[in-house]
Trainee: 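After the structure tokens below, expect a handful of questions from me.
First listed ligand is number 1; within each ligand, the first listed atom is number 1. For reference, positions follow the sequence shown, starting with 1.
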Amino acid sequence: MGFKIAVAGATGNVGREMLNILEERGFPAEEVVPLASRRSVGTEVSYGDRTLKVKALDSYDFSGTDICLMSAGGSVSKEWSPRIGKQGCVVIDNSSAWRYDADVPLIVPEVNADAIEGFTKKNIIANPNCSTAQLVVALKPLHDAATIRRVVISTYQSVSGAGKEGMDELFEQTRAVFVADPIEAKKFTKRIAFNVIPHIDVFMEDGSTKEEWKMVAETKKMLDAKIKLTATCVRVPVFIGHSEAVNIEFEKPITADEAREILREAPGCLVVDKREDGGYVTPLESAGEDAAYISRIREDSTLDNGLNLWVVSDNLRKGAALNTVQIAEMLVARGLIKPKKQAA
Ligand SMILES: NC(=O)c1ccc[n+]([C@@H]2O[C@H](COP(=O)([O-])OP(=O)(O)OC[C@H]3O[C@@H](n4cnc5c(N)ncnc54)[C@H](OP(=O)(O)O)[C@@H]3O)[C@@H](O)[C@H]2O)c1
């Protein structure tokens, strides 16, 4: 007997990827129900070689469903996740709505798997922001080896991180440039085609953006509250794959060779680091892949114990859908959830 899984936001970038990954990894699902807004009722989505028809989230009865993989945005999650959790269905949420709630575990399985035990307080588990997920996968093994003191990070984030509308905007603007049509900026604040924009999410009082603040707060919650982190998050005209230039200061000495060896063995990491033309990974090559790719590992001679890295990953997979499905797999593997049908 398998699990009944709802995928809320199934017509979106992350939801479609969740359906792919559930099928690819052979998740023990007896039934998968795609949900979205009323606008999408009847829309067909793929689950392996099957076609499923989307139902409306707001009229769905969750009482017989075991797990809801939620990627329908923050306001939908704020309203619906507690109600779904109260019906005995565990929500694994991709939005930022619950990440900073002390009663909600924020999980990257390679980093803080044991923190999942607290999920029953609200029956909600949070998935981190895409740029944080790939970062902490790379930082965790290095922190264990040499204790990270401070991280300075610059991100180069793809438009798919802003949902399907973000991808459409890059496509439309690029086409408009070539045919000399007028260019409209709707989703992004400035033109994204052939440009970069140093602004993701809203501005905070101290001048940082919410995306930058999320990287700080989530790294502290999942890895170590003592780590100091400062970020500049930038949107770039890339469809899929976030890249990060990461400078790390450690308490203890660590060489580039040692870091390379540690990262080669670390779960979720793949080192591609040849000091030659093309000996590194770009976002285009990360699309459709699961790993956090790590390249350009080198010592920073301006610090006592400093390293630089380049980290690239598919933001729709490790940054969202893959991590969500890995959390669901952990619930099953640790016996933290049983199929309701079997229990009845
Ligand atoms: N993209 C990333 O890299 C990434 C990474 C981490 C986390 N996330 C988070 O994941 C969530 C989804 O992102 P996305 O990129 O997949 O966005 P998206 O492509 O814009 O898709 C949004 C999904 O939410 C659904 N939705 C919107 N309003 C709804 C409502 N009132 N009731 C039910 N469903 C509703 C949409 O359904 P309709 O088609 O019916 O409108 C669609 O399926 C966001 O919270 C985002 O912050 C995204």
Trainee: Short N or O contacts of ligand 1 with protein, under 3.5 Å, listed by atom name?
Mentor:
residue	atom	partner	partner atom	Å
ligand 1	1 (N)	Ser160	O	3.0
ligand 1	3 (O)	Asn315	ND2	3.0
ligand 1	16 (O)	Asn13	N	3.2
ligand 1	16 (O)	Val14	N	2.8
ligand 1	19 (O)	Asn13	N	2.9
ligand 1	19 (O)	Lys164	N	3.0
ligand 1	34 (N)	Ser37	N	3.2
ligand 1	37 (O)	Thr11	OG1	3.2
ligand 1	39 (O)	Thr11	OG1	2.5
ligand 1	39 (O)	Ser40	OG	3.2
ligand 1	39 (O)	Lys164	NZ	2.8
ligand 1	40 (O)	Ser37	N	3.2
ligand 1	40 (O)	Ser37	OG	2.6
ligand 1	40 (O)	Ser40	OG	2.4
ligand 1	41 (O)	Arg39	NE	3.4
ligand 1	41 (O)	Arg39	NH2	2.8
ligand 1	43 (O)	Gly9	O	3.1
ligand 1	43 (O)	Thr11	N	3.3
ligand 1	43 (O)	Thr11	OG1	2.6
ligand 1	43 (O)	Gly12	N	3.0
ligand 1	45 (O)	Gly73	N	3.4

Trainee: Does any pair with a residue in residues 186-203 pass side chain to side chain donor-acceptor pair (under 3.5 Å), and if so which ones, sequence neighbours excluded?
Mentor: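 Side chain to side chain donor-acceptor pair (under 3.5 Å) check on residues 186-203 returns Asp201-Lys214.
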Trainee: For residues 227-234, dump all side-chain donor-acceptor pairs below 3.5 Å to protein atoms at least two apart in sequence or in another chain.
Mentor:
none

Trainee: Can you tell whether the side chains of Lys164 and Asp168 come within less than 4.0 Å, N to carboxylate O?
Mentor: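 Not counted as a salt bridge, because no side-chain N and carboxylate O are separated by less than 4.0 Å.
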Trainee: Is the gap between the ring centers of Trp80 and Tyr60 under 6.0 Å?
Mentor: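 That pair fails the under 6.0 Å test.
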Trainee: Nearest heavy-atom pair of Lys221 and Arg99: which atoms, and what distance?
Mentor: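 Heavy atoms of Lys221 and Arg99 come nearest at NZ-O, 2.8 Å.
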Trainee: Under the side-chain contact (heavy atoms from CB on, under 4.5 Å) rule, collect the residues that match up with Lys252, sequence neighbours excluded.
Mentor: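 Checked Lys252 against side-chain contact (heavy atoms from CB on, under 4.5 Å); matches are Ala146, Thr147.
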